[in-house]
*Asks:* 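Sharing a structure with you now.
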Amino acid sequence: MKLTVACIAGDGIGPEIVAEARLVLDTVLEKYGHTIEYKDILMGGCSIDRYGVPLTDETIETAKSADAVLMGSIGGNTTTSPWYKLPPNLRPEAGLLGIRKALGLYANLRPAYLFDELSDSCPLAAKNGQKRKFDLIIVRELTGGLYFGERHTEEKDGVLTAVDTAVYNENEIRRIAKTAFDIAMKRRKKVSSVDKANVLDTSRLWRKVVAEVARDYPEVELENVLVDNCAMQLVKDPEQFDVVLCGNMFGDILSDEASMITGSIGMLASASLNATNFGLYEPSHGSAPDIAGKNIANPIATILSAAMMLRYSFDLQREADAVENAVRKTLSQGFRTQDLMPEDADEALKCTLLTCTGMGEKIAENIE
Ligand code: IPM
Ligand code: MG
């Protein structure tokens with residue numbers, strides 16, 4: 001197979017983690033007899049520096065013409081970076097929201113599972129004397145809701161007022177609900193739909209449409225969970241969840257929470273798909289400007305995102321398994337980036353600290 005992948009290294013640690021994901025991709029694809037060509041494109045802060053805007057038509061066109069998009073992270077320090085002096089629609093994040101919309105990537109999949117090897121890094125206490133063990137996937141609606149509604153700030157009688165609007169129509173809810181139920185059919189057949197139906201109209205419509213979709217999936221158990229309760233359940237008992245279906249903002253927040261219980265935010269991969277499984281693959285974490293350029297970032301979330309790309313956009317299941325197994329093997333050999341080092345001194349002694357490049361190389365070496 002010959003793959004063409006548009007590549008957005010982005011800002012902050014983005015270029016460092018993408019370099020390692022590419023090394024791993026190159027290694028696995030060569031081993032399995034495929035070729036890959038990358039087309040580098042700019043988006044976010046680096047695009048602002050070059051073109052004055054976070055997203056250009058050319059970037060969108062190149063992304064569309066590729067078979068998939070691999071991305072690192074975008075954005076900078078929101079208090080010190082000059083990018084955040086620009087009007088909101090010209091800031092780095094507007095580029096990310098814009099490319100998701102332009103490519104129709106409404107389905108964001110964020111799997112959060114605890115590697116056995118990292119159970120010591122999980123901040124949750126053991127349950128009934130047992131190590132934690134959970135495996136859930138957040139299905140986040142990505143091109144609607146509060147992040148895409150009309151917004152503005154106005155001054156009335158000397159008082160500043162900001163307005164954001166949350167909008168969902170039934171079609172947007174239906175298609176993401178179907179995604180969630182289809183995924184549940186291939187897993188443990190449970191969907192937990194997250195909303196705030198005790199307050200919000202968008203949530204009441206969400207609940208109604210999700211219930212309608214559920215009728216076509218009689219084997220799947222559906223439960224409705226209020227978002228505040230869901231935040232609590234995630235740190236209390238994440239084992240209860242299989243597929244967690246959320247609107248845009250709730251999914252954004254809950255996926256950061258879910259990533260932390262896997263040991264580090266540096267572990268959570270993501271796929272953003274359109275109706276034809278064209279996808280953009282990026283870690284769920286941000287650009288971590290505080291550690292950029294130091295070669296200490298954890299590239300695993302990006303490497304696992306590349307594995308998702310092989311699985312979802314190219315149907316290369318063996319190759320995706322090979323990458324995931326290599327990550328697992330590397331962790332079981334005790335290799336850790338700094339974010340994954342156990343706090344306990346005795347446990348830490350059993351681990352070997354690696355740089356970002358060191359981790360990428362080890363994982364590439366471990367590909368079978
Ligand atoms: C994410 C990020 C983005 C989002 C930001 C950078 C716009 O937090 O991918 O979770 O909110 O979607
Ligand atoms: Mg986020």
Side-chain angles (χ1 to χ4, degrees), residues 8-14 17-18 21 42-48 53-55 59 63 69-79 81 83-84 86-112 136-149 151 164-166 168 172 176 194 227 230-231 234 244-262 264-274 279-290 292 297-298 301-302 304-305 308-309:
I8 302 171
D11 311 316
I13 58 171
I17 54 183
V18 162
L42 295 180
M43 198 267 283
C46 52
S47 175
I48 298 174
V53 290
L55 177 66
T59 284
V69 186
L70 178 68
M71 188 187 129
S73 51
I74 54 102
N77 183 310
T78 51
T79 31
S81 163
W83 298 328
Y84 297 91
L86 296 166
N89 62 335
L90 291 179
R91 293 181 194 172
E93 287 74 9
L96 181 54
L97 296 179
I99 197 167
R100 287 173 178 167
K101 192 76 170 180
L103 300 176
L105 309 174
Y106 64 85
N108 184 214
L109 317 183
R110 297 187 161 183
L136 60 94
I137 180 166
I138 294 184
V139 176
R140 170 188 175 194
E141 200 290 326
L142 202 59
T143 53
L146 195 59
Y147 291 11
F148 285 89
R151 69 179 101 258
D164 294 289
T165 37
Y168 267 122
E172 290 169 312
I176 193 70
V194 176
V227 61
C230 186
L234 266 176
V244 180
L245 167 63
C246 312
N248 204 341
M249 181 174 70
F250 296 159
D252 184 24
I253 298 168
L254 293 178
S255 58
D256 269 30
E257 188 187 359
S259 68
M260 260 331 284
I261 58 174
T262 68
S264 164
I265 193 166
M267 296 300 294
L268 207 78
S270 101
S272 306
L273 306 175
N274 74 6
L280 180 149
Y281 299 83
E282 56 168 323
S284 298
H285 61 71
S287 60
D290 52 322
N298 179 355
T302 319
L304 292 174
S305 301
M308 289 185 89
M309 176 173 92

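Indexing begins at 1, ligand by ligand and atom by atom, following the structure's order. For clarity, every value in this text was computed on a predicted model and none was experimentally measured.
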*Asks:* Considering only heavy atoms, does R140 approach ligand 1 within less than 4.0 Å through its side chain, its backbone, both, or neither?
*Replies:* side chain
*Asks:* Could an N or O of ligand 1 be found under 3.5 Å from any N or O of R100, whether backbone or side chain?
*Replies:* yes
*Asks:* Can you tell me which residue and heavy atom of the protein come closest to atom 1 (C) of ligand 1, and the distance to 0.1 Å?
*Replies:* R110 NH2, 3.4 Å
*Asks:* Between Y147 and E141, is a side chain to side chain donor-acceptor pair (under 3.5 Å) present by the stated rule, with each step listed?
*Replies:* CA-CA 10 Å; Y147 291 11; E141 200 290 326; over 6 Å; no
*Asks:* side-chain hydrogen bond (donor to acceptor under 3.5 Å, both in side chains) with D256: which residues, sequence neighbours excluded?
*Replies:* none
*Asks:* So, taking the atom named CG in L142 and the one named CG in L103, what distance separates them when rounded to the nearest 0.5 Å?
*Replies:* 11.0 Å
*Asks:* Which ligand 1 atoms are under 4.0 Å away from a heavy-atom of Y147?
*Replies:* 11 (O)
*Asks:* So does D252 get a backbone contact from the side chain of S255, meaning a donor-acceptor N/O pair under 3.5 Å?
*Replies:* yes
*Asks:* Are any of the heavy atoms in M71 under 4.0 Å away from ligand 1?
*Replies:* no
*Asks:* Mind checking what makes ring-ring contact (aromatic ring centres under 6.0 Å, His included) contact with Y281, not counting sequence neighbours?
*Replies:* none
*Asks:* Could you tell me which residues satisfy side-chain contact (heavy atoms from CB on, under 4.5 Å) with A301, sequence neighbours excluded, listed by chain and number?
*Replies:* P283, H285
*Asks:* Heavy-atom distances under 4.0 Å are what count here, so tell me which part of R91 touches ligand 1: side chain, backbone, both or neither.
*Replies:* neither
*Asks:* I need the nearest protein heavy-atom contact for atom 6 (C) of ligand 1: residue, atom name and distance, please.
*Replies:* E93 CG, 3.6 Å
*Asks:* Without swapping roles, check the side chain of D11 against the backbone of G45 for a donor-acceptor pair under 3.5 Å.
*Replies:* yes
*Asks:* Please report the shortest heavy-atom distance between Y106 and N274, naming the atom on each side.
*Replies:* CE2-C, 4.0 Å
*Asks:* Which protein N, O or S atoms lie under 2.8 Å from the Mg ion (ligand 2)?
*Replies:* D252 OD1
*Asks:* Could you tell me the residue and atom name of the protein heavy atom closest to atom 10 (O) of ligand 1, and the distance to it rounded to 0.1 Å?
*Replies:* D252 OD1, 2.8 Å
*Asks:* With a 4.5 Å cut-off on side-chain heavy atoms, are Y84 and E93 touching?
*Replies:* yes
*Asks:* CZ/R140 to CG/L109 distance, rounded to the nearest 0.5 angstrom?
*Replies:* 11.5 Å
